[in-house]
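First the structure, in the form of structure tokens, and then the observations on it.
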Amino acid sequence: MTYRTRFAPSPTGPLHLGHAFSALTGFDRAQAAGGQFLLRMDDIDRDRSKPAYAAQAMDDLRWLGLTWPEPVLFQSASAPAVQAAVERLAALGLTYPCSCTRSDIAAAAGAPQEGAPLHGPDGIVYPGTCRGRPMAHFREGDALRLDMARAAAQGALPSFEETGPLHAGIHRLDAAALIQTVGDVVIARKGGGIAYHISVVVDDHGQGITEVVRGADLFDTTPIHVLLFHLLGWPVPAYHHHRLIRDEAGKRLAKRDDARAIATYRAEGRTPADIRAMVGL
Ligand code: GLU
């Protein structure tokens, strides 16, 4: 199978050195394998995504020397495919409608008899207030959640290959860990919004991605994605989680770190080779 990876930034701010490292790592791995590098715009956050950020990101990445096939997929265009995947999970009896607000969840998880609330990749592990509500009771404004205990009981759980330096090896999904430390993740957002985990899996499958290259901060979400591939009957890609680029204080760079924006370095007259050197490539 031909190697294919993607870089999928969210166009919610200027790209910084951490994005440059991620994109260059994916591009270099695709080159080395004689495969393909795709760019995808993860624009599912309707309030924060801006076309101007997407345009600036493409300009910065071209300046860095990256190329990719056109047209670039904007994830918002995948809404029908995501909806179809959600309906398949619902048909398997793995989803339920949930009307809880963030504060409902914090209050239920923080009740004294519950002990300290457990935090998973999506924040507080959902305490299960709406679990078991039938899909027929879905009301306008509800989210849909995956019933993790049921999902983790759908056949033998798969494993995935991690090729990154930090967790290299084969990782088998563990039902107890999924139930306890991840819980019932949101699979469709309130008001019809696209949820991250399912959209990433639908697009990685649709684009034929063979290796997902991304930051180590997303390693804990990978079992969710691998489980979704398994439930949908799709082949599981390999994963490569790379180290994170940090500032002098050791903090991971964020979109608001304008000082480290690629555009800032460009304006200062730095070269693409300077950027590669700064991120240790
Ligand atoms: N859009 C996500 C981000 O910028 C990355 C998605 C992914 O690689 O799965 O953090």
Side-chain angles (χ1 to χ4, degrees), residues 4-27 29-30 36-51 53-54 56-58 60-61 66 68 72-79 81-82 85 120-123 160-164 166-167 171 182 185-187 189 193-229 232 234 236-246 251-257 260-262 279:
R4 188 181 285 165
T5 192
R6 62 12 178 227
F7 174 57
S10 309
T12 55
L15 298 191
H16 55 60
L17 284 184
H19 296 103
F21 180 60
S22 196
L24 287 166
T25 301
F27 187 77
R29 288 183 68 76
Q36 239 183 354
F37 168 85
L38 306 185
L39 176 65
R40 187 167 83 209
M41 285 295 161
D42 202 348
D43 64 337
I44 54 175
D45 184 335
R46 284 178 297 196
D47 298 329
R48 290 166 58 231
S49 295
K50 301 275 180 279
Y53 288 133
Q56 174 75 50
M58 291 192 219
D60 286 342
L61 294 170
L66 305 192
W68 53 83
V72 168
L73 176 66
F74 280 68
Q75 280 201 302
S76 52
S78 302
V82 170
D122 288 345
F160 67 94
E161 184 189 2
E162 169 66 40
T163 60
L166 307 168
H167 309 275
H171 298 259
V182 177
V185 293
V186 169
I187 226 72
R189 292 160 66 98
I194 304 179
Y196 163 66
H197 301 304
I198 186 99
S199 68
V200 128
V201 166
V202 164
D203 282 335
D204 285 339
H205 173 67
Q207 295 194 296
I209 299 303
T210 62
E211 183 181 77
V212 172
V213 176
R214 59 187 180 187
D217 53 327
L218 290 172
F219 183 73
D220 289 346
T221 68
T222 300
I224 307 171
H225 301 171
V226 172
L227 178 68
L228 291 172
F229 276 105
L232 292 163
W234 295 337
V236 177
Y239 285 83
H240 183 99
H241 293 88
H242 55 69
R243 65 185 161 84
L244 301 177
I245 303 295
R246 299 179 184 277
K251 246 184 76 241
R252 179 161 71 90
L253 298 185
K255 288 258 165 54
R256 53 194 172 280
D257 284 317
R260 290 173 184 79
I262 300 172
V279 296

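Numbering of residues begins at 1 and proceeds along the displayed sequence. Ligands are counted one by one from 1 in listed order, and the atoms in each one are counted from 1 as well. For clarity, every value in this text was computed on a predicted model and none was experimentally measured.
Heavy-atom distances between F7 and ligand 1 stay at or above 4.0 Å for every pair. Heavy atoms of H225 come nearer than 4.0 angstrom to ligand 1 in no pair at all.
For E162, the salt bridge (charged side-chain N to carboxylate O under 4.0 Å, His left out) criterion is met by no residue, not counting sequence neighbours. Legend: residues meeting salt bridge (charged side-chain N to carboxylate O under 4.0 Å, His left out) with R40, ordered by chain and number and at least two apart, are D204.
Contacts with ligand 1 closer than 4.0 Å are made by side-chain heavy atoms of R6 only, the backbone lying farther away.
Listed by atom number, the atoms of ligand 1 under 4.0 Å from V200 heavy atoms are 9 (O). Residue R214 has at least one heavy-atom neighbour below 4.0 Å for each of these atoms of ligand 1: 7 (C), 8 (O), 9 (O).
By the 3.5 Å distance cut-off applied to N or O atoms, A8 is counted among the residues near ligand 1.
Taking each heavy atom of I44 and A195 in turn, the nearest pair found is CD1-C, 4.1 Å.
With no hydrogens or angles considered, a side-chain donor-acceptor pair links D122 and H197 at under 3.5 Å. Between the side chains of H241 and R214, a donor-acceptor pair is found at a separation under 3.5 Å.
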